[in-house]
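Whatever order the structure lists ligands and atoms in, that order sets their numbers, starting from 1. Numbering starts at 1 and runs along the sequence shown.
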Amino acid sequence: MTNKYMYFIANWKMFGSLSSLNSVTKVVRFLKNFKKNKFLKIIYCPPNTLIYPLSKKLMKSRIDIGAQNCHEQESYGAFTGSINSFMLKNVGAKYVIIGHSENRHAGESDKMINKKIKSALKTGLKIIFCIGETIHERRKKNTKSVLSKQIRLGLMNIKNKKDIIIAYEPVWSIGTGIIPKLDDLSKIIYFIKRKVRNCKILYGGSVNPKNLDKLKFIKNIDGYLVGGASQDSKKFIDIIKKTYN
Ligand code: PGA
């Protein structure tokens with residue numbers, strides 16, 4: 001049983017159409033009647049196409065919306081296919097995920113991530129900053145040095161970190177069904193908390209209602225970034241319920 005303020009962030013990745021928004025309605029209904037609702041923040045990060053319709057739907061709820069990435073420039077520009085933080089804010093986003101390993105893998109560098117974070121903060125968005133090591137880096141026992149580097153370069157010259165939430169997502173946990181050993185995870189969260197003081201630190205990677213029975217015993221986690229399971233309202237609600245049970 002926890003009374004700690006927790007974040008539950010749904011990362012829908014490249015999934016979802018207008019009809020998928022019905023599943024969010026179920027979560028809104030659940031939240032209204034959930035006794036612990038003062039202790040939590042839900043943030044939906046749908047694909048960009050759904051931000052506006054979802055923001056209309058969630059207008060009267062306490063659920064916020066985030067985007068999954070943004071361009072590094074906050075002003076308009078000739079960048080075909082890109083969207084900047086201002087445009088995301090304009091249609092209802094309050095948060096943006098930056099540095100997700102799927103984008104790092106596609107070529108996003110620490111330098112780009114740093115620029116994106118700065119520009120999104122300037123626009124007034126809050127940041128969900130993802131860090132995490134690959135299996136190769138973990139096997140070589142480089143986890144801490146990789147995370148340190150991602151934090152140092154990603155947050156370079158950013159003094160005020162009050163609008164930054166960090167999501168620790170080991171790349172080998174994302175979409176694999178595998179989660180870190182609890183002891184290891186607790187130590188890594190502690191390590192990150194010491195590096196970046198006063199930031200909330202979430203865990204992400206294969207979070208589901210089953211493994212939540214274990215994850216919820218890690219006291220220093222401030223919430224979860226949920227991919228696959230967040231598209232299923234029942235699973236997402238179960239994750240929330242179990243956290244407080
Ligand atoms: P997953 O994704 O929960 O499907 O592993 C998490 C993420 O990529 O944010």
**OP:** With heavy atoms of Ser206 as the reference, note each atom of ligand 1 found under 4.0 Å away.
**Re:** 1 (P), 3 (O), 5 (O)
**OP:** Provide the number and element of each atom of ligand 1 under 4.0 Å from a heavy atom of Gly228.
**Re:** 1 (P), 3 (O), 4 (O)
**OP:** Report the residues that fulfil side chain to side chain contact (heavy atoms under 4.5 Å, CB included) with Thr123, sequence neighbours left out, ordered by chain and then residue number.
**Re:** Glu74, Ser85, Phe86, Lys89
Original post:
Is ligand 1 under 4.0 Å from a heavy atom in the side chain of Ile174, in the backbone, in both, or in neither?
Top reply: both
Original post:
Touching ligand 1 at all, Gly204? Heavy atoms, strictly under 4.0 Å?
Top reply: no
Subject >> Numbered atoms and elements of ligand 1 in range of Leu225, under 4.0 angstrom, heavy atoms >> reply: 9 (O)
**OP:** Please could you name the atoms of ligand 1 that Gly205 approaches to less than 4.0 Å, counting only its heavy atoms?
**Re:** 5 (O)
Original post:
Do any nitrogen or oxygen atoms of Thr176 come within less than 3.5 Å of a nitrogen or oxygen of ligand 1?
Top reply: no
Original post:
Do Arg138 and Asp184 touch side chain to side chain, with heavy atoms closer than 4.5 Å?
Top reply: yes
Original post:
Are there more than 12 heavy atoms of other residues, nucleotides or ligands under 6.0 Å from atom OH of Tyr5?
Top reply: yes
**OP:** Could you check if a side-chain atom of Ile165 sits within less than 4.5 angstrom of a side-chain atom of Leu202, using non-hydrogen atoms only?
**Re:** yes
Original post:
Does some side-chain heavy atom of Lys162 sit less than 4.5 Å from a side-chain heavy atom of Asn198?
Top reply: no
**OP:** Enumerate the atoms of ligand 1 whose separation from the nearest heavy atom of Asn11 is less than 4.0 angstrom.
**Re:** 7 (C), 8 (O), 9 (O)
Original post:
Roughly how far, to the nearest 0.5 Å, is the CD1 atom of Ile65 from the NZ atom of Lys56?
Top reply: 12.0 Å
Original post:
In terms of atom number and element, which parts of ligand 1 are under 4.0 angstrom from non-hydrogen atoms of Glu169?
Top reply: 6 (C), 7 (C), 8 (O), 9 (O)
Original post:
Numbering the atoms of ligand 1 from 1, which are under 4.0 Å from a heavy atom of His100?
Top reply: 7 (C), 8 (O), 9 (O)
Subject >> Identity and separation of the nearest protein heavy atom to atom 2 (O) of ligand 1 >> reply: Lys13 NZ, 3.3 Å
Listing, residues 234-242 side-chain donor-acceptor contacts under 3.5 Å, not counting sequence neighbours, or none:
from: Lys234; atom 1: NZ; to: Asp238; atom 2: OD2; distance (Å): 3.0
from: Lys242; atom 1: NZ; to: Pro209; atom 2: O; distance (Å): 3.0
from: Lys242; atom 1: NZ; to: Asp213; atom 2: OD1; distance (Å): 3.3
from: Lys242; atom 1: NZ; to: Asp213; atom 2: OD2; distance (Å): 3.2

Original post:
Within a strict 4.5 Å, meaning less than it, do heavy atoms of the Asn114 and Ile158 side chains meet?
Top reply: yes
Subject >> Nearest protein heavy atom with distance in Å, relative to atom 3 (O) of ligand 1 >> reply: Gly227 N, 2.9 Å
